[in-house]
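Proteins come first, then strands; the chains are lettered A, B, ... in the order of their sequence lines, and each starts at number 1.
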2 protein chains.
Amino acid sequence: MKEKRLQHLNLLSSFLDILNQDSNPSPQVEALKQKISNKSFKKGSVLQRGGDMVSRIYYVKKGLLRSYTIDHKGKEHIFMFAPEDWIIADGADFASPCQLFIDVLEDSEIEMVDKKLFEEVYIPLTLNSDKQRTAAMIKRIAVLQERVIMLMSASAIERYEHFKTTYPQITQRVPQRMIASYLGITPEALSKVKSEKARSK
Amino acid sequence: MKEKRLQHLNLLSSFLDILNQDSNPSPQVEALKQKISNKSFKKGSVLQRGGDMVSRIYYVKKGLLRSYTIDHKGKEHIFMFAPEDWIIADGADFASPCQLFIDVLEDSEIEMVDKKLFEEVYIPLTLNSDKQRTAAMIKRIAVLQERVIMLMSASAIERYEHFKTTYPQITQRVPQRMIASYLGITPEALSKVKSEKARSK
DNA sequence: GCTGTACATTAATCTAGATTAAGAAATAGT
DNA sequence: ACTATTTCTTAATCTAGATTAATGTACAGC
């Protein structure tokens, strides 16, 4: 089995592992497998809109997704990127008041499952792999905590440097303006920061 | 049993519930009980410093704690407040690179337990109350997620208003400068914001 | 009761980053 | 290959909030 990254809530992938490892699956597990959609999406597809009543968990087999909010002025704020082997879910997954949008940044292959089904079925199936689950959630908390500290104390340059070292695999694949959005600054400010840094070398 | 708030990672309190509910405790549980410290702390006491090797989980029975980081310029950034019935833990609890300080804002009564012990003992004892545990962590994630959105998109006034409605019980009890620190602005800016708002009424 | 220290407010600058706008470069669609 | 659209960069302003500093206020210790 390929080593799994736990940068983010890596629930669905271990769920899938359990389903797949089962060499002699019960009818219950068999029925579940049918409910996991396996789909290709073109760049630009919208998987979920804030406020949608649906709530799914997406596992990125190939490609790149993002989640984001739109504030009261209509501005997008990117919440996270999800490249290969990452999990992404909408706000409902976290009982959060802010509703997240999820869309596709590169042609992608996605496995997805209904959130409710996932919660109801995953827990009984994985009681003995709870440590992994907890570890994944703790990791998620760490990422968010770090992000809060960054937003509270770091300048635009510092945030950008931090992003580059933390997510090198994403830096090259998404437009500058989206990185800027993730960092909480404007694309112009990011451009400025980069050219100033280049000049000072 | 008093209703428990789940605003934050409420692990220790359910842990304590389990220990206390046990009418005929096993020797193992009995031994554990001895390891939970029950202490009073004076305002100003420091429970943990960033970088400390100890790692505990604190349950606030009475009083008020806070956790914060100190950035490379020596500035404090308040990460969270923990009033009565809340749980607070240092960075090590989340495997976070940023080390948190924890100290006492009001004379407090605290129950605390070593993090490692907690993790090793809590999980086997509470396999069947996992849903509660997961709910607590999800709630924590929601709080952090909301905080990120706030820091990315809201102005000083908006953040202050949001804080007041979300944490009314804290607003009256901590100095302005600490609320400012939590909001990611300076005390002067908060003062300005408040007087401008008062004038415009 | 004083005195000192921490905290809050106000006002005068300063600055990082936002906004606006316009041109250059890259990408996609036909 | 050519056009259209999106993205990136640069530069000129503008502004929210930082910084600095001075004054006012409350409480703690003596």
Side-chain angles (χ1 to χ4, degrees), chain A residues 41-46 63-64 66 68 71-78 81 103-107 150-164 170-201, chain B residues 42-46 64 66 68 71-78 81 103-107 150-164 170-201:
Chain A
F41 290 99
K42 283 273 167 206
K43 183 177 169 177
S45 311
V46 177
L64 183 60
R66 66 160 177 168
Y68 61 100
D71 68 20
H72 53 103
K73 286 173 197 157
K75 257 196 178 172
E76 284 177 11
H77 300 277
I78 293 185
F81 298 105
D103 66 13
V104 180
L105 300 183
E106 293 174 0
D107 293 356
M150 272 290 143
L151 290 169
M152 284 207 293
S153 64
S155 67
I157 313 109
E158 290 168 330
R159 287 184 221 171
Y160 180 58
E161 291 302 320
H162 180 259
F163 180 85
K164 279 200 300 184
I170 297 174
T171 311
Q172 303 304 323
R173 286 161 65 184
V174 302
Q176 296 298 314
R177 64 184 183 86
M178 288 193 186
I179 295 178
S181 167
Y182 182 92
L183 300 177
I185 59 175
T186 58
E188 294 86 353
L190 181 53
S191 226
K192 203 174 159 185
V193 154
K194 286 199 298 177
S195 68
E196 272 164 16
K197 221 198 85 200
R199 208 167 305 143
S200 72
K201 270 195 237 174
Chain B
K42 283 273 165 204
K43 182 178 167 177
S45 309
V46 177
L64 184 59
R66 67 161 175 167
Y68 61 99
D71 70 18
H72 54 102
K73 285 174 198 158
K75 257 195 178 173
E76 284 177 11
H77 299 278
I78 292 184
F81 298 104
D103 65 14
V104 179
L105 298 182
E106 294 173 0
D107 293 355
M150 272 290 142
L151 289 169
M152 283 206 295
S153 64
S155 67
I157 312 109
E158 290 167 331
R159 286 185 223 171
Y160 181 60
E161 292 302 319
H162 181 260
F163 180 84
K164 279 200 299 184
I170 298 175
T171 311
Q172 302 304 322
R173 286 162 63 185
V174 302
Q176 297 297 316
R177 64 185 182 82
M178 288 192 186
I179 295 178
S181 166
Y182 182 92
L183 300 176
I185 59 175
T186 59
E188 293 87 350
L190 181 53
S191 228
K192 201 172 160 186
V193 154
K194 287 198 298 177
S195 67
E196 271 164 16
K197 222 198 85 199
R199 208 166 305 144
S200 73
K201 272 197 234 171

Which residues share a side chain to side chain contact (heavy atoms under 4.5 Å, CB included) with B/Val104, sequence neighbours left out: B/Phe41, B/Ser45, B/Leu47, B/Leu65, B/Ser108
Which residues share a salt bridge (Lys or Arg N to Asp or Glu O under 4.0 Å) with A/Lys75, sequence neighbours left out: none
Side chain A/Asp107, main chain A/Lys43, donor-acceptor under 3.5 Å: yes
Sequence-aligned protein contact record of nucleotides 12-25 of chain C, with B where the base is within under 4.0 Å of a protein heavy atom and S where only the sugar-phosphate is: -----BSBB-----
Residue list, salt bridge (Lys or Arg N to Asp or Glu O under 4.0 Å) with A/Lys164, at least two apart or on another chain: A/Glu161
Bend angle of the helix from C/dG1-D/dC30 to C/dA22-D/dT9, end axes from five pairs each (to 10°): 40°
Salt bridge (Lys or Arg N to Asp or Glu O under 4.0 Å) pairs, two or more places apart, involving residues 173-187 of chain A: A/Glu84-A/Arg173, A/Glu106-A/Arg173
Side chain to side chain contact (heavy atoms under 4.5 Å, CB included) involving B/Ser153 - partner list, sequence neighbours excluded: A/Asp71, A/His77, B/Ile149
Nucleic acid contacts of residues 170-180 of chain A, taken as heavy-atom distances under 4.0 Å to DNA chain C: none
Set of side chain to side chain contact (heavy atoms under 4.5 Å, CB included) partners for A/Asp103, sequence neighbours left out: A/Val46, A/Arg66, A/Tyr68, A/Leu105
Pairs involving residues 151-160 of chain B, ordered by first then second residue, that meet salt bridge (Lys or Arg N to Asp or Glu O under 4.0 Å) (sequence neighbours left out): none
Non-neighbouring partners of A/Tyr160 that pass ring-ring contact (aromatic ring centres under 6.0 Å, His included), sequence neighbours left out: none
